[in-house]
Amino acid sequence: MTKKNYSSSSSSSVQALYDLCKKTFTPSASPTASPQAIHKLSSLLDTFGPADVGLKEENQEDDRGYGPFGLSLLNRVDRWAQPITYMDMHECESFTMCIFCFPTSSVIPLHDHPGMTVLSKVLYGSLHVKAYDWVEPTRIQKSKGTGHSPVRLAKLAVDEVLTAPCGTRMLYPKSGGNLHSFTAITPCAVLDILAPPYHEPAGRKCTYYHDYPYSSFTTGIGGEISDAKEEDYAWLAETEPADLYMRQGRYT
């Protein structure tokens with residue numbers, strides 16, 4: 001991730017985005033943003049590229065291979081273990097604007113957005129998105145063995161690669177893939193808007209999950225699902241992220 005000189009054009013783009021977020025999500029607006037308001041915000045985000053937020057697109061042919069003469073295992077690990085950079089553009093009680101800059105193969109594991117609406121725009125590069133929504137009514141099973149979290153049934157909503165330039169992805173509290181994971185196919189950056197932001201005292205805690213194939217906890221489709229293929233479903237168990245490597249960046 002490389003910062004550019006912060007031009008007046010990028011400043012005005014960010015200001016326009018902030019103004020529309022404030023109008024859409026602040027308490028003075030309607031308690032739940034209307035579909036029309038979300039669509040207007042999404043349409044603005046659709047126009048954004050890296051220059052609009054003062055970033056320079058990374059060279060997608062980054063040097064994270066084995067090198068011309070090969071590398072030791074230790075060096076390979078060091079080179080692959082580059083952190084995701086998180087930059088907070090703005091945060092208030094109503095919404096957060098932020099940017100994630102991913103090196104190749106970095107991952108934000110499967111996690112949820114309780115009670116939140118999220119808009120995600122890939123600014124450059126390619127990103128694999130896998131996302132689920134909870135099956136309603138809630139279906140929970142005990143895990144095998146002692147000391148394991150119970151699992152809850154979810155339905156696959158998104159499983160695709162997004163490559164810039166592309167449209168904005170939207171998720172809602174109960175639809176659109178509220179639980180999602182990101183895996184960088186190339187160096188990439190994502191501009192996120194979360195409304196309202198995470199706030200644990202208000203019940204908006206970020207929880208991470210591991211997804212298990214549907215057949216892991218059931219034998220056949222049986223009575224759990226009846227309207228789709230088995231591969232469209234998974235059991236999710238709460239977990240602690242073991243491989244999340246993130247650092248705080250400064251957005252200027």
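- In this model, a donor atom of one side chain and an acceptor atom of the other lie less than 3.5 Å apart for D192 and S120.
- Counting only distance, with no hydrogens or angles, the side chain of T26 and the backbone of K22 share a donor-acceptor pair below 3.5 Å.
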**Item:** Verdict with reasoning, L41 to L17, per side chain to side chain contact (heavy atoms under 4.5 Å, CB included)
**Value:** CA-CA 8 Å; L41 184 55; L17 182 62; 3.8 Å; yes
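- For the pair D232 (side chain) and L156 (backbone), a donor-acceptor distance under 3.5 Å is absent.
- For H90 and Y18, the ring centers are positioned less than 6.0 Å apart.
- For K174 (side chain) and E136 (main-chain N/O), no donor-acceptor pair under 3.5 Å exists by modelled atom type.
- Contacts of T96 classified as side-chain contact (heavy atoms from CB on, under 4.5 Å), with partners at least two apart in sequence or in another chain: Y86, D88, E91, C98, L194, P197.
- A donor-acceptor contact shorter than 3.5 Å links the side chain of S43 to the backbone of H39.
- With contacts defined as side-chain heavy-atom distances shorter than 4.5 Å, the pair Y245/I84 does not qualify.
- In this structure the side chain of S149 never reaches within 4.5 angstrom of the side chain of T239, judged on heavy atoms.
- Expressed to the nearest 0.5 Å, how far CD1 of I38 lies from CG of L119 amounts to 5.5 Å.
- Centroid-to-centroid, the aromatic rings of H180 and Y132 stay 6.0 Å apart or farther.
- The heavy-atom pair separating T163 from S126 by the smallest distance is OG1-OG, 2.8 Å.
- By the 4.5 Å heavy-atom criterion applied to side chains, L123 and V190 are not counted as neighbours.
- Under a cutoff of 6.0 Å and an axis angle of 45°, R152 and W235 do not form a cation-pi pair.
- The environment of CD in E231 is crowded: more than 12 heavy-atom neighbours from other residues, nucleotides or ligands sit within 6.0 Å.
- Between W134 and Y233, a ring centre-to-centre spacing not shorter than 6.0 Å is recorded.
- In this structure, Y208 and E240 have side chains that are not in contact, with every pair of non-hydrogen atoms separated by 4.5 Å or more.
- Contact annotation: the side chain of P187 never approaches that of P103 to less than 4.5 Å [non-hydrogen atoms, C-beta and beyond].
- A donor-acceptor pair under 3.5 Å is formed between the side chain of S216 and the backbone N or O of P213.
- Distance alone, capped at 3.5 Å, places no donor-acceptor pair between the K205 side chain and the H199 backbone.
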**Request:** I would like to know whether L127 and T183 meet side chain to side chain contact (heavy atoms under 4.5 Å, CB included); could you show each step before the answer?
**Result:** CA-CA 6 Å; L127 185 77; T183 302; 5.8 Å; no
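- Once rounded to the nearest 0.5 Å, the distance linking SG of C101 with CD of Q82 reads 12.5 Å.
- Between the side chains of T85 and R247, at least one donor N or O lies within less than 3.5 Å of an accepting N or O.
- The shortest heavy-atom contact between T186 and G125 is OG1-CA, 3.3 Å.
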**Request:** Could you walk me through whether L55 and I99 pass side chain to side chain contact (heavy atoms under 4.5 Å, CB included), step by step?
**Result:** CA-CA 10 Å; L55 296 182; I99 296 173; 4.1 Å; yes
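- Proximity of L45 to L191: side-chain heavy atoms (C-beta onward) are separated by under 4.5 Å at one or more points.
- Cluster annotation: F100 is not connected to V107 through the hydrophobic network of ILVMFWY side chains, with a link wherever side-chain heavy atoms come within less than 4.5 Å.
- I108 and V118 sit in two unconnected hydrophobic clusters of ILVMFWY residues. Membership requires side-chain heavy atoms under 4.5 Å apart, directly or through other members.
- A 4.5 Å side-chain heavy-atom check between E93 and P196 finds every atom pair outside the cut-off.
- Heavy atoms only, all atoms of each residue included: A37 and T24 are closest at CB-CG2, 3.9 Å.
- For the residue pair P109 and S181, the shortest heavy atom distance occurs at C-CB, 3.8 Å.
- To the nearest 0.5 Å, atoms NE2 (H111) and CG (L244) are separated by 9.0 Å.
- From T117, atom OG1 reaches atom OH of Y172 across 7.0 Å, with rounding to the nearest 0.5 Å.
- A donor-acceptor pair is defined here as one N or O able to donate and one able to accept, closer than 3.5 Å; such a pair exists between the side chain of Y251 and the backbone of V53.
- Of all heavy-atom pairs between K40 and L20, the closest is O-CD2, 3.9 Å.
- Side-chain atoms of D46 come within 3.5 Å of backbone N or O of T168 as a donor-acceptor pair.
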**Asked** Given D159 and H128, is the side chain to side chain contact (heavy atoms under 4.5 Å, CB included) satisfied, shown in steps?
**Response** CA-CA 7 Å; D159 189 3; H128 178 248; 2.6 Å; yes
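- Side chain of D52 to backbone of G49: a donor-acceptor contact under 3.5 angstrom is found.
- Judged purely by atom type and a 3.5 angstrom limit, R169 uses its side chain to pair as donor or acceptor with the backbone of G176.
- Between F102 and F182, the angle of the ring planes goes over 60°, which puts this pair in the perpendicular group of the 30/60° scheme.
- Once rounded to the nearest 0.5 Å, the distance linking CG of L153 with CZ of F217 reads 11.5 Å.
- The cluster map of Ile, Leu, Val, Met, Phe, Trp and Tyr, joined by side-chain heavy atoms under 4.5 Å apart, puts M97 and M170 in the same cluster.
- For the atom pair OG1 (T207) and OH (Y198), the distance works out to 8.5 Å, reported to the nearest 0.5 Å.
- Taking both residues in full, the closest heavy atoms of D211 and A234 are given as CB-CB, 4.3 Å, listed atom of the first, atom of the second, then distance.
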